[in-house]
Amino acid sequence: MDFNPDDLFRDDDDDPESEYYQPLTTRAPVCSLPPEHVWDHRGKPNIHTPLILEESNLDVVEADKGMCASGAIAMGRESTKEYVVYLVDASPRMFYPASNAEDNKDESPFHVVVSCIAQSLKTQIINNSYDEVSICFFNTREKKNLQDLSGVYVFNVNEREPLDRPTARLIKEFSNIEETFMSEIGSQYGIISGSRENSLYNALWAAQALLRKGSTKNADKRILLFTNEDDPFGRIKGAPKTDMIRTTIQRAKDAQDMGILIELLPSCRPSEEFDVSLFYADLIGLENVDQSQFITSTSEKLDDMKAQLRKRMFKKRKIKRITFSIANGISIELNTYALIRPTVPGAITWLDSVTYLPLKSERSSICADTGALMQEPARRFHPYRNDNVLFTMDELSEIKKVSTGHLHLLGFKPLSCLKDCHNLRPSTFLFPNDEEIIGSTRIFISLHRSMSRLKRFAVAFYGSSANPHLVALIAQDEITSSSGQVEPPGMHMIHLPYSDDIRHAEELHMAIDATMPRAIDDQIKKACVLLKRVDLKDFSVCQFANPALQRHYAILEALALGDDEMPETADETVPDEEGMARPGVVNALEDYKVSVYGENHDQEEAENNAAKSTISDTAKKRKAILETAVQECANYEWADLADNGKLKDLTVTELKYYLSAHSLPVAGKKEALISRILTHMGK
C-alpha cells in the first residue's frame with residue numbers, strides 16, 4: 001500500500017487551523033494519564049474527561065516486571081515508584097453511622113475509610129512493595145506532625161519513617177485504630193466560627209511536607225483525601241471564610257505545582273449527595289464539565305469506595321516508552337500499558353540462615369584441567385565443519401541484534417484480514433506521549449481517526465533482539481456511558497505469528513463406506529433447552545479471582561500479621577451445586593441423557609460401574625500383595641544367601657517375595673525361581 005506521510009496531517013472534516021490542533025493547557029487534572037492525551041468521542045481534544053483504564057487485572061503490572069526481563073518490552077522501562085498520603089477527615093460527622101440496607105449494619109464513614117485503606121495496604125505490600133505511604137488524620141484533638149500544626153495527626157509505628165513502605169505492623173495497628181482513636185487521638189471540628197485555625201490547610205501543609213521526599217521525575221506523588229463534608233467552611237461567614245478558602249486553595253495549588261496530584265474520595269450517606277461545587281471543585285482543579293461527571297451521586301453506597309480506591313491506587317502504569325517510526329523521518333513517542341497479563345506468586349528470595357539477609361548470587365568459571373579460577377570472561381563456540389568457531393559475549397550480542405526496540409510501520413491492511421487465531425498473546429495498549437517528541441498526540445489522533453474511518457489496521461515490526469515480532473496496531477474508539485468512560489481511545493498492539501508458528505489442523509478422513517454420526521432434531525432441541533437452563537447471566541472473567549493466588553496471599557498476609565488462624569478463601573471457580581440441583585436443570589439434563597443414550601442408560605451405567613468395581617477390587621488385592629512382598633523382601637540378606645548357596649534352603653513363598661518385589665515372574669518350580677533370582681542379581 002502506498003503511504004503518504006502528509007495524509008497524517010490532513011482531515012476532510014476539520015480545518016487544520018481549528019481548535020483541534022491548538023495546544024492544550026490545564027492544571028492538576030483528576031485523571032490517571034496526562035489530560036492533553038485525551039480526546040472525546042467526536043475526535044476533539046477533551047481536557048476534562050478522566051482516562052481510567054479498566055481494572056480487569058489490577059496486578060498485571062507486577063506480572064510484567066518478570067516478563068520484561070526477557071520479553072519484548074524489557075528495554076527502557078520507566079520508574080513506577082509512588083508516594084501516597086492518605087488524608088482522612090476525622091471530624092465528628094465522619095463517625096455518624098450510615099445504614100447499610102443490604103447487611104442491616106450501621107457503619108460509619110470513618111469505619112469504611114479505615115477498612116478501605118487497610119485492605120489497600122495489604123494488597124499494596126504484595127503488589128507494589130516499593131511504594132511508600134503515609135496516613136494523616138485532620139480535625140483531630142491531638143496533634144502529631146513535624147510542623148507541630150494543630151488538628152493534624154500523622155499515624156505511624158515504631159522503626160518506620162512517617163513516609164515509608166507499608167509494613168505488617170503498620171497494617172495491623174491501623175486496622176485496630178478505631179478501638180483507641182477517641183481516647184488517644186480524638187475528634188473535633190477544626191474549622192469553627194471565631195477561630196483562625198484551619199485544619200484542612202494544616203493537613204495539606206503536612207501532606208506536602210511528607211511528599212518532599214524523592215523527585216517527581218522518577219516517582220508519582222499523590223494525596224488521597226477522604227471526607228464526607230462537602231463544605232468544610234460552612235460554619236463560618238464573612239471575610240474570615242473568604243480568606244480561609246483562598247489560602248487553602250492556594251496551598252493546594254502550591255502542592256500541584258510541585259507535581260503532587262490531589263484526588264478526592266467523598267464518603268456520603270446513601271440519602272445524601274456530596275456537592276463538589278461548594279468547595280472541592282476549586283481545590284482539586286475540576287472544571288464545570290467535570291463536576292457533572294464526578295463520582296458522587298445519591299445512589300452510590302459506601303461500599304463502592306473500595307472499588308474507587310483500587311482504581312486510584314492501582315492505576316495502569318506505563319510499562320515503557322517506545323518510538324513509533326512512521327515514514328520519511330516521522331516518529332512519535334508512545335506509552336505502553338499492560339491491560340492483561342498472567343499473575344503468578346512473587347519470586348522466592350533466598351536468605352542467610354544466620355542473618356536472614358538476602359543472599360547475593362555470584363558466578364565464577366573454573367578451568368576443568370587445572371582447577372584455577374578463570375579471570376577472563378567465558379567464551380562461547382559454535383561447531384562448524386571440523387572446527388569450533390569462538391565468540392565473545394559482545395560478539396554474540398551483536399550477531400543476535402536484529403532490532404533497536406522501536407516500532408516501525410510497514411503498511412496497512414483491511415481489518416477483515418486479521419483473524420482471531422493471529423493473536424498470540426495479550427495485547428499491549430498504546431497511548432501517545434508529548435514529553436519528548438512534541439506533536440506525537442496530533443499525529444497519533446490523525447492516524448487513529450483515519451484507521452477507524454477506513455477500517456484498517458497497521459502492520460509494524462517490533463521487538464527485542466531475542467524476540468522480534470510482527471505486530472498489528474488496531475485503533476480503539478472511546479466508549480462512554482452515563483457514568484463516564486468505559487473504554488479509553490488508543491491502539492492495541494497485537495503480536496502476529498510468523499509462517500513458522502502456524503500449525504495446520506490434521507484432517508481425519510473416515511472410511512468411504514462409514515456413516516457420519518449426526519444428531520437428530522430431538523437431541524438438538526433437548527441440548528438447546530439444557531444450555532438455556534445453565535446459561536451464566538452477565539458472565540465476565542473479571543468476576544473470578546485465581547483461587548490459588550488468593551490462598552497464597554492470604555497465608556502470607558496471616559503470617560506477616562501474626563494471625564493464629566489461617567484465613568479461609570472463597571473459590572469462585574467451584575461449580576454451583578445448589579444451582580445445578582434445581583428441578584429445572586435436573587429435568588433438562590435427564591431429558592438430554594435419555595435423548596442421547598436411551599431409556600436404559602442408567603442400568604447400563606450401573607453395570608459398567610459394577611464391572612469397574614470388580615476390576616478395582618482385583619487391583620487393590622494385587623497392590624496389597626506387592627506391598628507385603630516388598631516388606632518381607634527387606635528382611636533377607638539376598639546377596640549373602642546367593643554367595644553362600646543358601647537360596648535353596650528358602651521356601652518357594654520366600655523366594656517369591658524377592659521376585660514380586662522386583663516385578664519378576666513368579667511361575668515355575670523352585671529351581672527356576674532360584675535361577676531367575678541369580679540372573680537378576682548378576683550372579
Side-chain angles (χ1 to χ4, degrees), residues 28 84-96 108-110 113-114 117 134-156 162-163 174 177-178 180-212 221-258 260 262-268 272 274-285:
V84 179
V85 174
Y86 296 95
L87 203 57
V88 182
D89 185 1
S91 63
R93 194 165 182 264
M94 285 286 288
F95 293 87
Y96 294 161
S108 66
F110 187 82
V113 170
V114 169
I117 296 177
S134 179
I135 303 172
C136 181
F137 297 100
F138 66 99
N139 286 329
T140 59
R141 184 184 68 247
E142 305 294 333
K143 60 180 180 179
K144 180 184 176 184
N145 54 84
L146 297 177
Q147 293 75 25
D148 198 33
L149 302 171
S150 61
V152 179
Y153 191 96
V154 178
F155 179 81
N156 200 10
L163 181 68
F174 179 76
I177 194 174
E178 291 181 83
T180 59
F181 187 87
M182 286 301 182
S183 59
E184 296 183 1
I185 301 177
S187 171
Q188 68 179 20
Y189 288 108
I191 305 175
I192 57 177
S193 179
S195 173
R196 301 297 296 178
E197 290 294 340
N198 187 344
S199 58
L200 180 56
Y201 177 90
N202 294 342
L204 293 173
W205 187 358
Q208 180 179 341
L210 290 170
L211 292 174
R212 288 174 181 170
K221 299 182 178 183
R222 292 196 293 164
I223 298 175
L224 300 183
L225 177 59
F226 298 85
T227 183
N228 65 343
E229 179 61 71
D230 52 6
D231 188 8
F233 301 98
R235 294 178 178 82
I236 57 178
K237 305 293 181 181
K241 178 178 181 178
T242 304
D243 183 61
M244 285 188 178
I245 292 177
R246 180 184 57 80
T247 55
T248 304
I249 293 177
Q250 184 59 46
R251 171 57 63 185
K253 290 181 179 179
D254 293 342
Q256 292 162 352
D257 292 340
M258 294 176 59
I260 300 174
I262 302 176
E263 299 192 22
L264 175 66
L265 288 95
S267 174
C268 57
E272 297 179 353
F274 191 95
D275 190 356
V276 69
S277 63
L278 293 178
F279 170 72
Y280 283 103
D282 295 328
L283 182 77
I284 61 179

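The first residue in the sequence is number 1, and the count goes up from there.
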**Request:** Report the C-alpha separation of Thr140 and Phe155 in whole Å, then their side-chain angles, then the decisive distance to 0.1 Å, and conclude whether the side-chain contact (heavy atoms from CB on, under 4.5 Å) test is met.
**Result:** CA-CA 12 Å; Thr140 59; Phe155 179 81; over 6 Å; no
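Side chain of Arg222 to backbone of Glu263: no donor-acceptor contact under 3.5 angstrom is found. With hydrogens and angles disregarded, no donor-acceptor distance shorter than 3.5 Å links the side chain of Asp230 to the backbone of Leu278. Distance alone, capped at 3.5 Å, places no donor-acceptor pair between the Asp89 side chain and the Phe226 backbone. Remark: side-chain polar atoms of Asn145 are paired, donor with acceptor, to backbone N or O of Val152 under 3.5 angstrom. Under a 3.5 Å cut-off, the side chain of Ser183 and the backbone N or O of Thr180 do form a donor-acceptor pair. Using modelled atom types, no side-chain atom of Ser134 and backbone atom of Val85 make a donor-acceptor pair closer than 3.5 Å. In terms of modelled atom types and a separation under 3.5 Å, the side chain of Glu229 and the main chain of Met94 share no donor-acceptor contact.
Side-chain contact between Tyr280 and Thr227 is present, with heavy atoms from C-beta onward closer than 4.5 Å. Counting heavy atoms from C-beta on, the side chains of Asn228 and Tyr96 never come closer than 4.5 Å. Residues Ile117 and Leu224 form no side-chain contact, since every pair of their non-hydrogen atoms from C-beta on lies 4.5 Å or further apart. When side chains are defined from C-beta on, Ile284 does not count as touching Leu225, because their heavy atoms never get closer than 4.5 Å.
For the atom pair Gln208 CD and Ile260 CD1, the distance stands at 5.0 Å (nearest 0.5 Å). Distance check, rounded to the nearest 0.5 Å: NZ of Lys253 to CG of Leu204 gives 13.5 Å. To the nearest 0.5 angstrom, Tyr201 atom OH is 12.5 Å from Ile191 atom CD1. The CD1 atom of Ile192 lies 13.0 Å from the CZ atom of Phe233; values are rounded to the nearest 0.5 Å. Put simply, CD1 on Ile135 and CG on Leu87 are 11.5 Å apart, with the number rounded to the nearest 0.5 Å. If you take CG on Leu283 and CG on Leu200, they are separated by 6.5 Å, rounding to the nearest 0.5 Å.
With Asn202 as reference, Leu149 is the one residue of Asp148, Thr248, Leu149, Asn139 to meet the side chain to side chain contact (heavy atoms under 4.5 Å, CB included) rule.
In this structure, Ser187 and Pro92 approach most closely via the heavy-atom pair OG-N, 3.0 Å. The heavy-atom pair separating Pro162 from Asn156 by the smallest distance is N-ND2, 3.4 Å. In plain terms, the two heavy atoms of Gln147 and Ala209 that are nearest each other are NE2-CB, 3.0 Å. Ser199 approaches Gly151 most closely through the heavy-atom pair CB-O, 4.3 Å. Shortest non-hydrogen contact noted between Phe174 and Val114 is CE2-O, 3.5 Å. Residues Glu184 and Arg141 share a closest heavy-atom pair of C-NH2, 4.3 Å.
Between Phe110 and Phe95, the ring centre distance stays below 6.0 Å.
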